[in-house]
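To keep things clear, I will list the structure first and then write my remarks on it.
Heavy-atom basis, side chains included; hydrogens, waters and symmetry copies ignored. Just so it is clear, the model here is predicted, and its values are computed rather than measured.
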Amino acid sequence: MRVLGIETSCDETAAAVVGPGRVVLSSVVSSQVDLHARYGGVVPELAGRAHLERLTPVIDEALAAAGPAGHPPVDAVAATCGPGLVGSLLVGLSHAKALAMAWEVPFVGVNHLEGHLFASLLDHRELDWPLVVLLVSGGHTVLVLVEGLGRYRLLGQTLDDAAGEAFDKVARYLGLGYPGGPAIDRVARDGDGRAFAFPRAMRDEGCDFSFSGLKTAVVRSVDKAPGASTEDVAASFQEAVVDVLVAKARRAAATTGARGICLAGGVAANSLLRSRTEEACAEDGIAALVPSMAMCTDNAAMIAAAGQWRLAHGGPSPWSLGAEPNLFLAEAG
Amino acid sequence: MIVLGIESATDLVGAALHREGETVAEVCETGGRRHAEVLAPAIAEVLGRAGVTLGELDAIAVDVGPGLFTGLRVGVATAKGIAQALGTGLVGCTSLETLAAAALDGGWAGPVLAVVDARRGEVFAARYGRGPTGVPVALSTPVRCRPEGIAALVDGATGTLALGDGAVRYRELLADQAGVTLADGTHAHPSPATLASLGARRLAAGAPPLAAIDLQAQYMRGADARINWVRRESVGPADA
Ligand SMILES: [Zn+2]
């Protein structure tokens, strides 16, 4: 079954075609990073407007790149229905329903978080369940036990800021620009991660996260030591975030008997998080599933893949499906 | 000519099917702010009632705004989706001219002042007269202004009918205005049937249909540039 996936939950306008056997036939992502950079974060109304302008050509490109097709060109259309920015979600959702209605093919709404779980399936054809998935992005920080496709248990999540949000805020404070993740990653390479002992909130208890105090600690340290090297501050901040993320994922894997730790989301592109996860898994004798760079960021191939599975296991969504800005993963299963 | 009308720029959301000068079916809902939940089922419903498939459409008329940002995007994205899938031509009509068309079609002989509530203490407004083919022609450039500014648009013209949800909301300001008659509440929102009919007449008069990629929303207001840090609790744009 050939599925067209559409993703517009945040600041990437994306479309992709996934064929039988979860083969990615095309995947087009139009990033709005430049549009939001001067604001230091995603501006919802700008994002919604850009999605409406860009989605049609992005879909055209994805369909053309997928190779020769009949009419209709796909057997189903899948679109992210949440969580995300409602004004952005609705563009992709409405466009997807209209395409499906016009082509007379099924339409299915996809949980964006479930999409991220399917991203690892596009990188690794076979997965050995159960897996602990650490999903970290600008909007989310969740730890999930995946017992099999569609069988999820939420172990913990952030109580305040998302990990990616902490990167953006600290990068902005340090004058490193937006998006903060890649900026801090780059600068931190020339810094000493032990220069500052930033707090590791709740590192050794439970599966929930808290990052809001970390930003405050960074600001306070820089105020106290105005001459401190930006590289050292960035490296120490990154060290603190990664230390907490890896410690919690590792403990979650040990207590649940998981066969591996899988990274997902934009922050999974962080070089220290990737190497530390691999080291921890090697020590514990479990698999480290680190996504390719293309599968870290929001894309529509993961939405098409999740939609393909959802259609087979739950059937199509009704035309009345709305956007669910606060959708949680448990609601997907 | 068969034209589907897609309306979701204000509190009213729905669809209508127009065939050879007549409204064959119309489905709409007001006040729920559930644009995406209502629109696609409404389209399926009007097609079913009329026994028409999307493939048989000659064109789609869609309200491109101004109005509710999120609402109008639902309609424009839906119209673009159908047009992209089937190559159907699009005709964009503004919420203001669709309001005016309803009054003119209803027999109002004088000028019409269309006023859409822009929220945050502002309105979108323009004055229209009857064009040669019966469709509205703008007598003033559409503007976004404070409600007190509407008076200047009337500009001494007598027998002006004011309508739209903005006219309803700020009726006290308009009631004192010489030469202005307030419409009853029936024309508070642009309707899918009027929209489809207006689109059909435009095309019949030679307006070139647009491709999906060329249709643009008319917001008439810059984006509110506020960062949304906490997306889990996001409510979207200020007017949604
Ligand atoms: Zn994401």
Side-chain angles (χ1 to χ4, degrees), chain A residues 8-10 36 38-49 51-53 55-57 59-60 72-73 77 83-104 107 138-140 157-158 160-162 165 168-169 318-323 325-326 328, chain B residues 6 8 33-45 47 53-55 57 60 68-88 211-217 219 221-240:
Chain A
T8 62
S9 69
C10 190
H36 302 284
R38 57 184 283 236
Y39 303 99
V42 177
V43 178
E45 180 57 22
L46 284 180
R49 292 183 183 195
H51 284 307
L52 188 66
E53 280 174 24
L55 187 54
T56 306
I59 293 171
D60 272 340
V77 182
L85 302 168
V86 69
S88 290
L89 287 166
L90 285 172
V91 173
L93 197 62
S94 302
H95 199 113
K97 283 188 203 175
L99 288 172
M101 201 180 266
W103 284 329
E104 297 179 22
F107 152 77
H140 314 282
Q157 58 189 312
T158 182
D160 38 60
D161 291 357
E165 191 178 334
D168 283 342
K169 287 179 175 176
W319 295 130
S320 60
L321 185 75
N326 306 320
F328 286 102
Chain B
I6 293 179
S8 66
R33 287 290 184 97
R34 295 163 56 247
H35 293 86
E37 289 88 334
V38 173
L39 185 58
I43 293 171
E45 173 78 22
L47 292 169
T53 65
L54 288 174
L57 298 179
I60 299 165
L68 298 168
F69 297 164
T70 299
L72 71 90
R73 274 200 288 270
V74 166
V76 172
T78 302
K80 281 176 182 267
I82 300 169
Q84 182 172 31
L86 302 173
T88 320
I213 205 161
D214 296 320
L215 183 77
Q216 292 198 333
Y219 298 102
R221 178 186 269 152
D224 186 3
R226 279 183 311 183
I227 301 164
N228 195 352
W229 286 116
V230 186
R231 261 174 283 167
R232 280 191 320 270
E233 284 153 29
S234 75
V235 290
D239 74 344

Hey, can you tell me if B:Tyr219 and B:Phe69 have their rings parallel, tilted or perpendicular (30° and 60° cut-offs)?
perpendicular
When only pairs under 4.5 Å are counted, which of A:Ala98, A:Pro318, A:Ala47 shares the most heavy-atom pairs with chain B?
A:Ala98
Hey, is the main chain of A:Pro44 close enough, under 3.5 Å, to the side chain of A:His36 for a donor-acceptor pair?
no
Taking the basic N atoms (NZ, or NE/NH1/NH2) and the acidic carboxylate oxygens, is any pair closer than 4.0 Å for A:Lys169 and A:Glu165?
yes
Could you tell me whether B:Arg73 and A:Glu45 have a side-chain N and a carboxylate O separated by less than 4.0 Å?
yes
Measuring only between side-chain heavy atoms, which start at C-beta, is B:Leu54 closer than 4.5 Å to B:Thr88?
no
Flag the one option from B:Gly71, B:Ala83, B:Gly222, B:Ala42 with the top tally of heavy-atom pairs under 4.5 Å to chain A.
B:Gly222
Specify which of A:Leu93, A:Leu89, A:Asp60, A:Val77 makes the most heavy-atom pairs with chain B at under 4.5 Å.
A:Asp60
Out of A:Pro57, A:Ala100, A:Ser94, which one racks up the most heavy-atom pairs below 4.5 Å with chain B?
A:Ser94
At a heavy-atom separation under 4.5 Å, does A:Ile59 approach chain B through its side chain, its backbone, both, or neither?
both
Atom group of A:Leu99 that falls short of 4.5 Å from chain B, counting heavy atoms:
both
